[in-house]
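First the structure, in the form of structure tokens, and then the observations on it.
Counting begins at 1 with the first residue of the sequence.
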Amino acid sequence: MASDRITQLDEKTIGHIAAGEVVERPAQVVKELVENSLDAKSSHVEIEIERGGFDLIMISDNGTGIDQADLPLALDRHATSKLSKASDLASIGTLGFRGEALASIGMVSELTVSSRPTGAEGRSIVMKDGDKGKIEPCGMAEGTRIEVKNLFSNQPARLAFQRRPATDAHALSHHRVGFRLKSDGKIILDVPATKDMEDRLYDVLGQQAGKMIDLNPPPSDAQAPGDETWTGWISTPDITRGKGDDIHVLINGRPVAAQPFLQAIRRGYRTRLMQGRHPVAVLKLELPATEVDVNVHPTKREVRLRNSWRVLERLERAIAHTLESTPTEPESSGPITGITSLAPASAEPVLKFH
Ligand code: ADP
Ligand code: MG
């Protein structure tokens with residue numbers, strides 16, 4: 001019974017509260033696990049989900065693995081190999097850093113972490129509804145395998161999920177890593193590791209990649225103040241979408257929400273976009289880690305930039321210059337109605353859940 005006296009919450013309750021912020025829906029679980037695999041320098045990541053991730057999410061990678069001695073710690077809150085002191089927060093080079101994902105997932109599911117670092121034996125540990133089991137030997141290839149079963153089954157109703165997991169964005173940000181995503185037995189994304197980013201662009205965006213043009217900032221921007229650079233691809237103005245879902249923004253390799261960039265992007269297109277339409281774009285911002293604060297959002301979807309105005313203006317100029325220096329196609333070659341048939345892979349939400 002609630003009383004009006006203040007008491008310190010127990011660890012488990014604290015964990016449940018924290019878990020609600022980190023993993024609200026299956027897509028966020030997938031995102032966290034994929035980011036762990038990328039941080040572990042994997043060159044291949046396999047993802048399998050069943051029933052939108054609520055029944056099963058399984059991720060296996062061929063990365064560095066987790067030492068047997070560290071396995072139980074990996075499941076604790078605020079236990080991480082990516083950060084050791086507060087000052088490290090100023091220059092985060094990994095996608096994860098808070099040490100909260102596995103602990104949170106283990107609070108709201110039946111989580112099995114199995115890992116085999118190079119030259120070691122495979123070991124696994126289970127965490128169910130916040131309780132850790134014992135370490136057991138397991139046969140497996142080098143790397144890490146994470147299994148999440150019955151996600152949120154111990155929770156009050158959770159948001160059904162609206163989007164496919166952010167795998168596209170990760171595939172676009174890490175072209176040297178191969179990805180395979182299976183949903184209810186069906187392969188949804190299967191892209192081999194490649195040295196050439198343009199290959200990856202074709203593999204993820206499909207046909208529409210042919211309509212993308214290289215971002216080409218004005219030469220004068222090389223002398224502009226600031227250490228940031230924008231590269232990437234934008235669609236010609238005849239390729240548009242009703243929503244900004246096909247705008248991927250990657251900051252130092254981290255996929256972030258495109259929303260804060262939409263206005264600058266539209267301005268860069270000048271009058272070329274119809275009202276309410278958005279282009280397709282993959283925009284990569286590289287800047288010193290000290291210019292970005294990644295620790296501002298529970299799911300790290302948003303970051304804070306020290307010089308956001310300057311960065312946005314640079315983006316706008318880069319887009320404007322790209323379009324000015326690209327001859328536009330005659331009207332007849334690109335019927336605007338063709339846009340809805342673009343990129344069958346991402347045109348419909350693959351992880352629909354009823
Ligand atoms: P964070 O990524 O913020 O460190 P997590 O809870 O996601 O926190 O993971 C905790 C720790 O477990 C990581 O710091 C890492 O050392 C280890 N880990 C998790 N997933 C993997 C993986 N796929 N490969 C290797 N190590 C992993
Ligand atoms: Mg992590």
Point-to-point distance, once rounded to the nearest 0.5 Å, from [atom1] of [X] to [atom2] of [Y]:
{"X": "His174", "Y": "Leu38", "atom1": "NE2", "atom2": "CG", "value": "4.5 Å"}
{"X": "Ser124", "Y": "Ile66", "atom1": "OG", "atom2": "CD1", "value": "11.0 Å"}
{"X": "Tyr269", "Y": "Glu316", "atom1": "OH", "atom2": "CD", "value": "13.0 Å"}
{"X": "Ile234", "Y": "Ile265", "atom1": "CD1", "atom2": "CD1", "value": "9.0 Å"}

Exercise. Can you name the side-chain contact (heavy atoms from CB on, under 4.5 Å) partners of Gln259, sequence neighbours left out?
Worked result: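 Counting only residues at least two positions away or on another chain, Gln259 forms a side-chain contact (heavy atoms from CB on, under 4.5 Å) with Leu262.
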
Exercise. Hey, are Asp238 and Thr236 close enough side-chain-wise for a donor-acceptor pair under 3.5 Å?
Worked result: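 Looking only at side-chain atoms, Asp238 and Thr236 do form a donor-acceptor pair, the distance falling under 3.5 Å.
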
Problem set entry | Student check: side-chain heavy atoms of Asp61 and Val177 closer than 4.5 Å |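 No, their side chains stay 4.5 Å or more apart.
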
Hey, is the main chain of [Y] close enough, under 3.5 Å, to the side chain of [X] for a donor-acceptor pair?
{"X": "Arg241", "Y": "His278", "result": "no"}
{"X": "Asp70", "Y": "Leu73", "result": "no"}
{"X": "Arg123", "Y": "Gln68", "result": "no"}

Exercise. Are Lys284 and Glu286 ion-paired here, with the side-chain N under 4.0 Å from a carboxylate O?
Worked result: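 Salt bridge flag = no for Glu286 with Lys284.
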
Exercise. Does the distance from a Lys or Arg side-chain N to an Asp or Glu carboxylate O, for Arg272 and Glu324, drop under 4.0 Å?
Worked result: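 No, no charged N to carboxylate O under 4.0 Å.
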
Exercise. Mind checking what makes salt bridge (Lys or Arg N to Asp or Glu O under 4.0 Å) contact with Asp131, not counting sequence neighbours?
Worked result: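 Partners of Asp131 under the salt bridge (Lys or Arg N to Asp or Glu O under 4.0 Å) test: Lys12.
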
Exercise. Who pairs with Glu313 by salt bridge (Lys or Arg N to Asp or Glu O under 4.0 Å), at least two apart in sequence or on another chain?
Worked result: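 Scan of Glu313 (salt bridge (Lys or Arg N to Asp or Glu O under 4.0 Å), adjacent residues dropped) gives none.
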
For this session: Only counting residues at least two apart or in another chain, list the ones meeting ring-ring contact (aromatic ring centres under 6.0 Å, His included) with Phe261.
Result: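 Expected list: Trp230.
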
Problem set entry | Listed once per pair and sorted, the salt bridge (Lys or Arg N to Asp or Glu O under 4.0 Å) pairs that draw on residues 174-188, sequence neighbours left out |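 Sorted result for residues 174-188: Glu46-Arg180, Arg180-Asp190.
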
Exercise. Any idea which heavy atoms bring Asn216 and Ser325 closest together, and the distance?
Worked result: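 Nearest pair, atom of Asn216 first, then Ser325: ND2-OG, 3.4 Å.
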
For this session: Look at the side-chain heavy atoms of Ile, Leu, Val, Met, Phe, Trp and Tyr, link any pair under 4.5 Å apart, and say whether Leu75 and Ile135 land in one connected group.
Result: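 Yes, it is one cluster - the side chains of Leu75 and Ile135 are joined through contacts under 4.5 Å.
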
Problem set entry | side chain to side chain donor-acceptor pair (under 3.5 Å) involving Arg306 - partner list, sequence neighbours excluded |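 Arg306: no side chain to side chain donor-acceptor pair (under 3.5 Å) contacts found.
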
